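To start, the structure itself, in structure tokens.
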Amino acid sequence: MRRIILLLTLSAVMVSMAAAVHKTAKTKKRKPAKTVQTAPPRPDEWALVNVAAACLRTEPSHASQLETQASYGTPAKILDRHGEWLRLELPDGYKAWMIGSSLIEKKPQEIDRWRESPRLIVTQPRPAAAFSDSLNTSDGNIAFDIVLGSIFEGNKTPGSRFTGVTLPDGRTAFVNSDYVEDFSTWSKRPPEIDTIMNVARSMTGVTYLWGGTTPKAVDCSGFTKLAFGAAGLILPRNASDQALTGETLDPANTDAFRQGDLLFFGSGTGTNITHVGIYDGFSRFIHASGRVFESSFKPGHPLYIPRKVIGAARILGNSAPKGITPYSAHPWYFNQK
């Protein structure tokens with residue numbers, strides 16, 4: 001009898017302990033995120049991006065969420081430091097962390113000289129390569145890859161098939177002359193709808209990547225930012241901020257949309273903007289969702305997808321579109337006189 005009572009007592013204790021463990025596991029809170037200790041920078045610390053697709057993250061860690069990207073020659077202001085990571089502000093005002101190996105730090109006088117120097121910008125929509133030797137363009141002689149919007153120091157050689165370029169770290173290579181234009185001349189051209197749409201269409205099939213802003217992979221607002229950037233206009237980074245730019249349009253009056261207008265979408269019946277695309281005419285728009293492709297917001301259309309337009313903005317057709325800065329007027333790219 002005592003043995004039975006002892007067994008029952010042990011069983012009750014074990015059940016109680018199991019219940020306590022279950023309750024603890026269910027109600028245990030996550031540990032708070034560690035506070036990042038940063039060191040304030042000296043005044044006017046600058047850097048130039050030194051890779052084709054530098055990744056900027058929420059926190060100073062490769063495991064942290066990808067926020068955005070920047071390509072060769074993008075100027076950045078250094079805000080904070082944490083080990084080998086630097087918190088940067090980009091020309092569009094976006095702030096995030098980048099690993100130091102993706103950039104080259106510049107003194108104020110060096111960045112001023114860079115702003116005055118002859119530079120070239122890549123206008124080739126799809127990724128290409130720079131070669132160590134212009135006489136050897138084999139795959140084994142690639143110096144580095146280049147992407148749309150990359151900026152290098154150099155002068156375009158008239159009549160030459162290849163043009164020499166210099167990276168922020170001083171490395172030199174040769175690119176196809178058809179892929180680059182003089183940055184100063186290019187930046188002063190009026191934005192053209194054909195440029196925006198050609199770049200947008202050329203990216204058909206490119207993979208979606210949260211935080212992506214290069215032709216290697218893009219998210220929805222990175223895609224629109226890249227297409228308009230090819231026409232010399234710097235858009236805000238996120239779709240919700242892009243919706244505040246240019247001329248606000250009535251999203252219900254779809255017949256008034258013009259090619260190149262930005263269209264904004266929400267999820268479900270909500271009013272929060274979660275997606276953006278570029279209107280291509282006849283109820284069609286190009287956007288990045290899984291990949292870059294064309295869709296329609298019109299029910300019954302062969303390309304229809306159930307996304308409701310909840311906002312629209314017109315960038316082109318305005319001499320000074322609200323919230324948009326041309327490269328030529330941005331003091332980080334050119335010393336303004």
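Since we're looking at a predicted model, the values are computed, not measured. Residues: numbered from 1 along the sequence shown.
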How far does [atom1] of [X] sit from [atom2] of [Y], to the nearest 0.5 angstrom?
X	Y	atom1	atom2	value
Asn272	Ser240	CG	OG	9.0 Å
Glu181	Ile121	CD	CD1	8.5 Å
Ser134	Arg161	OG	CZ	9.0 Å
Thr325	Leu233	OG1	CG	9.0 Å
Ile273	Leu244	CD1	CG	7.0 Å
Arg57	Thr68	CZ	OG1	11.5 Å

Derivation and outcome, side-chain contact (heavy atoms from CB on, under 4.5 Å), residues Gln124 and Asn176:
CA-CA 10 Å; Gln124 162 69 10; Asn176 189 313; over 6 Å; no
Answer yes when [X] and [Y] have at least one side-chain N-carboxylate O distance shorter than 4.0 Å, and no when they do not.
X	Y	value
Asp92	Lys225	yes
Asp219	Arg237	yes
Lys216	Asp145	yes

Could you go through the side-chain contact (heavy atoms from CB on, under 4.5 Å) check for Arg87 and Ile78 one step at a time?
CA-CA 6 Å; Arg87 187 167 182 262; Ile78 300 173; over 6 Å; no
Leu120 and Thr163: CA distance, side-chain angles, deciding distance, side-chain contact (heavy atoms from CB on, under 4.5 Å) verdict:
CA-CA 10 Å; Leu120 301 166; Thr163 293; 3.5 Å; yes
Are [X] and [Y] an aromatic pair by the rule of ring centers under 6.0 Å?
X	Y	answer
His330	Tyr333	yes
Trp97	His62	no
Tyr327	Phe334	no

Would the distance check show the side chain of [X] and the main-chain N or O of [Y] forming a donor-acceptor pair, the cut-off being under 3.5 Å?
X	Y	value
Gln242	Ala239	no
Glu45	Lys77	no
Ser64	Glu59	yes
Lys106	Pro75	no
Glu153	Thr166	no

_For Gln259 and Ile193: C-alpha separation, side-chain torsions, deciding distance, then whether side-chain contact (heavy atoms from CB on, under 4.5 Å) applies._
CA-CA 8 Å; Gln259 193 177 60; Ile193 184 62; 4.0 Å; yes
Between [Y] and [X], is there a side-chain heavy-atom distance shorter than 4.5 Å?
X	Y	answer
Ser328	Arg189	no
Val292	Val218	yes
Leu88	Tyr94	no
Asp280	Arg201	yes
Ile324	Ile234	no

* List in chain and number order the residues that pass ring-ring contact (aromatic ring centres under 6.0 Å, His included) with His301, two or more places apart in sequence or in another chain; answer none if no residue qualifies. =>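 In terms of ring-ring contact (aromatic ring centres under 6.0 Å, His included), with neighbours along the sequence ignored, His301 is linked to no residue.
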By ring-ring contact (aromatic ring centres under 6.0 Å, His included), which residues pair with Phe293, not counting sequence neighbours?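 Per chain and number, Phe293 pairs via ring-ring contact (aromatic ring centres under 6.0 Å, His included) with His287.
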Worksheet item: Quick one: do the Thr214 and Ser71 side chains pair a donor with an acceptor below 3.5 Å?
Response: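 Side chains of Thr214 and Ser71: no pair found under 3.5 Å.
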Worksheet item: Any side-chain donor paired with an acceptor under 3.5 Å for Asp133 and Asn141?
Response: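 The criterion, which ignores hydrogens and geometry beyond distance, is not satisfied for Asn141 and Asp133.
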Under 30°, 30 to 60°, or over 60°: which ring-plane class applies to Phe152 and Tyr72, parallel, tilted or perpendicular?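 It falls in the tilted class, 30° to 60°.
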Mind checking whether Val147 and Trp186 sit in one hydrophobic cluster, side chains of I, L, V, M, F, W, Y counted as touching below 4.5 Å?
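No, Val147 and Trp186 fall in different hydrophobic clusters.
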Verify the cluster assignment for Val206 and Val276: are they in a single hydrophobic cluster under the rule of side-chain heavy atoms below 4.5 Å apart?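 Yes.
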| query | Between Ser283 and Lys298, what is the shortest heavy-atom contact and its length? | reply |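 Here Ser283 and Lys298 meet closest at OG-CB, 3.6 Å.
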Taking OH in Tyr304 as the centre, count heavy atoms belonging to other residues, nucleotides or ligands within less than 6.0 Å. Is the count above 12?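 Enclosed.
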Any pair counted as ring pair (Phe, Tyr, Trp, His ring centres under 6.0 Å), so long as it reaches [range], sequence neighbours left out:
range	result
residues 214-242	none
residues 237-268	Phe257-Tyr279, Phe265-His275, Phe265-Phe285
residues 156-180	none

### Message
By the definition side chain to side chain contact (heavy atoms under 4.5 Å, CB included), identify the one residue from Val51, Leu86, Leu56 that meets it with Ser102.
### Response
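The option that passes is Val51.
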task: Walk me through it: do Trp46 and Trp114 pass the test ring-ring contact (aromatic ring centres under 6.0 Å, His included)?
output: CA-CA 11 Å; Trp46 295 90; Trp114 177 82; 9.5 Å; no
For residues 308-317, dump all side-chain donor-acceptor pairs below 3.5 Å to protein atoms at least two apart in sequence or in another chain.
unit_1 : atom_1 : unit_2 : atom_2 : d
Arg314 : NE     : Asp261 : OD1    : 3.0
Arg314 : NE     : Asp261 : OD2    : 3.4
Arg314 : NH2    : Ala256 : O      : 2.9
Arg314 : NH2    : Asp261 : OD2    : 2.9

